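Quick notes on the structure that follows.
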Amino acid sequence: MERVINEIMSLANSCDCGNHHNQIPFETILVGNNVLGEAAAYLEKKAFKKAVIIADEQTFRAAGEELTKHLSTTKVGYSTCLLQPDENKDVVSDEKSLVQALLDTSQDTDVILAVGSGTIHDIARFTSTKMKIPFISVPTAPSVDGFTSMGAPIIVRGMKKTFQMIAPIAVFADLGILRNAPKKMIAAGFGDMLAKYTSLADWKFGHLTYGEPYCPLVANITREALNLCVEKADKIAAADEEGIRILIEALIQSGLAMLLFGQSHPASGGEHHLSHYWEMEFLRQNRPQVLHGAKVGVAVALLADIYEREFIPAISVLIKLDDTIKTVENYCIVRNIKENIEEIKVVYAAIPKASQLCELIEKVGGETLPSQLGIDGNLVMRSLTEAHHLRDRFTALKLLNEVIKVNHQVEAR
C-alpha cells in the first residue's frame, strides 16, 4: 500500500483540477497475515508510552486480546475502553459512546488504537482529534471504506452528521482476522464499494450543474478500486485470502481518495443519503441497527432503478420545463444541464442496471431489497423525497425532488 500512496501523491502533485489536495499522512499501511505483532512493535518504535484500545466485546475478542498479548511484550502501557451497547445490543457512534471513550482516555494517553470496524473507528477518530493525539487503525472486518478517511459520522440528538476530523497515522489489517469476519460484514464492505457507482455519478453531476468541486484524479482512484472489486467478486464471495485482500485494499484506497480530496463526495452520493435517512428512522423507532454497507448496497440498486426510469427521461425533456422554472437558481441549473446533457447521460449510463447490481450483491451474500433489511415501502418513499436534505450536495435525487418534482415510483424486484 505504500507504493499506492506514493503513486497517488505523485499524481496529486501534477493534478490541475484546481482543488487543494491533502497530504496523506500515513507512516505505514500493512495488509497481511499476523500483523498485530508488527503493530505492537510499531508502537514501541514510536516510543508511545500509553495506549488506549477502543473496541467492543466482539472486536476485542476478534483482535484486541491478541493485540494486548503483543503489547505486553513491549514497554508500551495500555488500557482498554470497551464501548457499551445500547438496549438493542448495538454500539452506536452517538453522544453516549463519545463520552465513554473520552472518559476512558486518560490525560497521559498518547495514542489510541481503533480495534473494530466503522462505528469503532468513528468514535476513535473523534476522540483522538479532541484529545489531540494520534490514532492507529486495526480493522476487524472489511465492512466500510472509512478506515483511512477523515470523516466521522456521528449521531447527534438523533441526527447523523459527518465531522471532518483526522486520519489514522497507520493501519494494520490482518487478513486472518478479516477472513474470519461475519459473512454479512464482508458483504457490507462489498456493498459500500458498489455504492461508488452512484456516488461518482452524483459527484460529477453536482460539478457540471451546480459548480461543486471535482477532481478527476480522485474519481479515478475511487473508480479503480470499485472496478477491481467487481472484477474479483467471486474471490470476495469465497472469502479467500486474495479476495479479502482485494476488498480491504479497495476500501482503504477509497478512504485515501476521500482523504486526498478532503470530503466524502467520491464515495457518498444519493445512496448514502438514503442509508443515513433509514438509520435515523431506526434510531427514532428504537430498532436494532443495520450494517451501513448493507443499507448502501440496497440503496445503490434502488437508485440505479430510479435514475434509469426517472432521471434520464426527465433531463431528456428539460426544454419543456422552461415555463415552469420560477427561480434564478433553478434556471441556472437547467441551463447547465442543457449545456452538459450528453456528458451527464454518459455518466449515468455507466451505472449498471439494478438487476446487475443485485446479482453482484447476492453473489457475496448480501441483501438486495429494503424489505430484507426491515425497511418498509412507506419509509422507502419518504426517504426518496426527503433524504436529499441530509447533505448539502446536488445529486440527481435532489434534482428530481427540488427542480423537476417528480412523484417517485418504486418497481418491485
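All values reported here derive from a predicted model rather than from experimental measurement.
- Salt bridge annotation for R157-E95: absent, with no cationic side-chain nitrogen under 4.0 angstrom from a carboxylate oxygen.
- Sorted pairs that involve residues 168-188 and meet side chain to side chain donor-acceptor pair (under 3.5 Å), not counting sequence neighbours, are lacking altogether.
- A side-chain donor-acceptor contact under 3.5 Å links Q356 to the backbone of K353.
- Of the inter-residue distances, the one linking S371 atom OG with L379 atom CG reads 12.0 Å to the nearest 0.5 angstrom.
- With hydrogens and angles ignored, the 3.5 Å screen pairs no side-chain donor or acceptor of E38 with any backbone N or O of N34.
- Residue pairs meeting the salt bridge (charged side-chain N to carboxylate O under 4.0 Å, His left out) criterion with at least one partner in residues 199-225, sequence neighbours excluded, are K204-E343.
- For the salt bridge (charged side-chain N to carboxylate O under 4.0 Å, His left out) condition, the pairs that include at least one residue of residues 247-272, sequence neighbours left out, are R245-E249.
- Screening residues 215-235 for ring pair (Phe, Tyr, Trp, His ring centres under 6.0 Å) gives no qualifying pairs among residues at least two apart or on separate chains.
- The side chain to side chain contact (heavy atoms under 4.5 Å, CB included) test applied to T385 returns N401, H408, not counting sequence neighbours.
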Under 3.5 Å, which donor-acceptor pairs link side chains of residues 50-60 to any protein atom two or more places apart or in another chain?
residue, atom, partner, partner atom, Å
K50, NZ, S106, OG, 3.1
D56, OD1, Q58, N, 3.0
D56, OD1, T59, N, 2.8
D56, OD1, T59, OG1, 3.1
T59, OG1, D56, N, 2.9
T59, OG1, D56, O, 3.3
T59, OG1, V115, O, 2.9

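- Although no hydrogens or angles enter the test, the distance criterion places a donor-acceptor pair under 3.5 Å between the side chain of Q100 and the main chain of L82.
- K49 meets the side-chain hydrogen bond (donor to acceptor under 3.5 Å, both in side chains) test with no other residue; sequence neighbours excluded.
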Side-chain donor-acceptor distances from residues 255-269 under 3.5 Å, at least two apart:
residue, atom, partner, partner atom, Å
S264, OG, R393, NH1, 3.2
S264, OG, R393, NH2, 2.8

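- Shown here are the side-chain hydrogen bond (donor to acceptor under 3.5 Å, both in side chains) partners of E65, two or more places apart in sequence or in another chain: there are none.
- The closest donor-acceptor contact from the side chain of Q84 to the backbone of S97 lies at 3.5 Å or more, if one exists at all.
- Aromatic ring pairs are classed by plane angle as parallel below 30°, tilted from 30° to 60° and perpendicular above 60°; the pair Y348 and F205 is perpendicular.
- Here side chain to side chain donor-acceptor pair (under 3.5 Å) pairs that include residues 138-152, with residues two or more places apart or in two chains, are D145-K196, D145-S254.
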Let me see the working for H292 and H272 under side-chain hydrogen bond (donor to acceptor under 3.5 Å, both in side chains), right down to the final yes or no. CA-CA 9 Å; H292 168 76; H272 272 65; 3.2 Å; yes

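- Listed by chain and number, the residues in a side-chain hydrogen bond (donor to acceptor under 3.5 Å, both in side chains) with D240 amount to none (sequence neighbours excluded).
- Under a 3.5 Å cut-off, the side chain of D90 and the backbone N or O of V92 do not form any donor-acceptor pair.
- Among pairs with a residue in residues 112-132, those fulfilling side chain to side chain donor-acceptor pair (under 3.5 Å) read H121-S137, at least two apart in sequence or across chains.
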Can you list the steps and then say if K75 with E44 is a salt bridge (Lys or Arg N to Asp or Glu O under 4.0 Å)? CA-CA 7 Å; K75 297 177 181 178; E44 187 169 42; 5.6 Å; no

